[in-house]
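In this text, all values refer to a predicted model and were calculated from it rather than measured experimentally. To find a chain, count down the sequence lines: A is the first, B the second, and so on, and within it residues start at 1.
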Amino acid sequence: MKFITWNINSIRARTEHLKALLSEKSPDVLCLQETKVRDEEFPVEIFEKAGYYVAFSGQKAYNGVAIASKFPFKGLKKDLFDTNGQKRTIEVAIENVTVINAYFPRGGERGSEKFFYKLEFFQKMKDYISKNHSVDELLLLCGDFNVARFENDVWDPELLRNEPGFMKEERDALERLIGIGLSDIFAELNPAAKHPFTWWDYRGGAFKRNHGMRIDYILSSHTLSEYAKECTAEREWRAKEKPSDHIPLVANFELSMI
DNA sequence: ATGGTGGAACGTCCA
């Protein structure tokens with residue numbers, strides 16, 4: 001099973017990139033974040049033409065998540081827990097695999113309302129999974145977590161120590177979530193990768209300077225991570241014309257769905 | 001503390 005997660009930063013602004021990703025990479029499952037489109041305007045036809053089923057939960061201008069799959073969904077849930085009306089979570093079952101796709105809040109400076117909203121979101125996700133699932137199931141939690149895990153996951157740990165995305169409180173929240181029995185597939189399979197970033201700010205020539213962060217993850221339950229063979233961050237997608245500020249993260253599992 | 005760029009939607013928020 002080939003699995004991709006990508007913060008597309010507007011599905012309508014990235015239509016051509018999306019089509020190219022589907023045809024070139026041909027993932028079995030694709031999770032998207034920041035689709036930024038209402039459900040009634042979601043471009044279902046792109047997926048149908050490419051041979052995918054698709055489920056989505058969006059809103060006007062901000063947030064929005066979607067999951068596309070070559071296999072039909074056996075279950076579908078939106079808004080897994082209270083997020084003040086923001087469309088940030090969606091879950092499907094594909095055969096015997098549960099896929100949770102989430103767009104975690106970016107947060108804000110320490111002590112701000114957004115900072116606490118972000119920390120609460122991590123706690124709620126952890127509680128939701130503990131209550132509704134088990135890490136003994138085949139479970140994938142993926143998306144844009146807006147937190148870098150290790151020092152090697154940011155371009156300048158000292159400079160960013162008190163910035164959103166690398167504060168101790170945020171990293172602790174991510175670690176607690178992973179600690180329920182999930183495995184950070186990219187880190188597990190690429191222990192020697194130097195600065196394996198998944199996001200670069202549009203501002204200040206950040207990509208050219210390689211001022212990035214690893215904030216997108218594919219987390220799998222221990223039962224599923226046994227099958228993980230390969231995980232790659234597709235950096236060239238940030239160098240394209242009109243790119244998203246995030247790149248696709250690809251994971252291959254030696255597991256056939258049918 | 002501010003500014004840098006991009007998307008949505010058309011003034012200003014969000015990232």
Checklist line | Tyr202(A): ring pair (Phe, Tyr, Trp, His ring centres under 6.0 Å) partners, not counting sequence neighbours | finding: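 Counting only residues at least two positions away or on another chain, Tyr202(A) forms no ring pair (Phe, Tyr, Trp, His ring centres under 6.0 Å).
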Note to self: Which residues pass the ring pair (Phe, Tyr, Trp, His ring centres under 6.0 Å) test with Phe3(A), not counting sequence neighbours?
What the structure shows: none
Rounded to whole angstrom, note down the [atom1] distance from [N] over to [M].
N: dA9(B); M: dC14(B); atom1: P; result: 14 Å
N: dC10(B); M: dG6(B); atom1: C1'; result: 15 Å
N: dG11(B); M: dT5(B); atom1: P; result: 23 Å
N: dA1(B); M: dT12(B); atom1: P; result: 24 Å

Taking [atom1] from [X] and [atom2] from [N], how many angstroms apart are they, rounded to a whole number?
X: Lys240(A); N: dG6(B); atom1: NZ; atom2: P; value: 18 Å
X: Lys208(A); N: dG4(B); atom1: NZ; atom2: P; value: 17 Å
X: Glu163(A); N: dA1(B); atom1: CD; atom2: P; value: 11 Å
X: His211(A); N: dT5(B); atom1: NE2; atom2: P; value: 16 Å

Next item on the list: Determine the sole option in Met167(A), Glu170(A), Glu163(A) for which the side-chain contact (heavy atoms from CB on, under 4.5 Å) test with Arg110(A) is passed.
Entry: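 Answer to the side-chain contact (heavy atoms from CB on, under 4.5 Å) test with Arg110(A) among Met167(A), Glu170(A), Glu163(A): Met167(A).
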Any pair counted as ring-ring contact (aromatic ring centres under 6.0 Å, His included), so long as it reaches [range], sequence neighbours left out:
range: residues 171-190 of chain A; answer: none
range: residues 137-183 of chain A; answer: Phe104(A)-Phe145(A), Phe145(A)-Tyr217(A), Trp155(A)-His211(A)
range: residues 22-55 of chain A; answer: Phe42(A)-Phe47(A), Phe42(A)-Phe56(A)

Taking only N/O atoms, report every protein-nucleotides 9-15 of chain B pair under 3.5 Å with atom names and distance.
{"from": "dC13(B)", "atom 1": "O2", "to": "Tyr62(A)", "atom 2": "OH", "distance (Å)": "3.3"}

Note to self: Just N and O in the side chain of Arg14(A): are any of them under 4.0 Å from OP1 or OP2 of dG6(B)?
What the structure shows: no
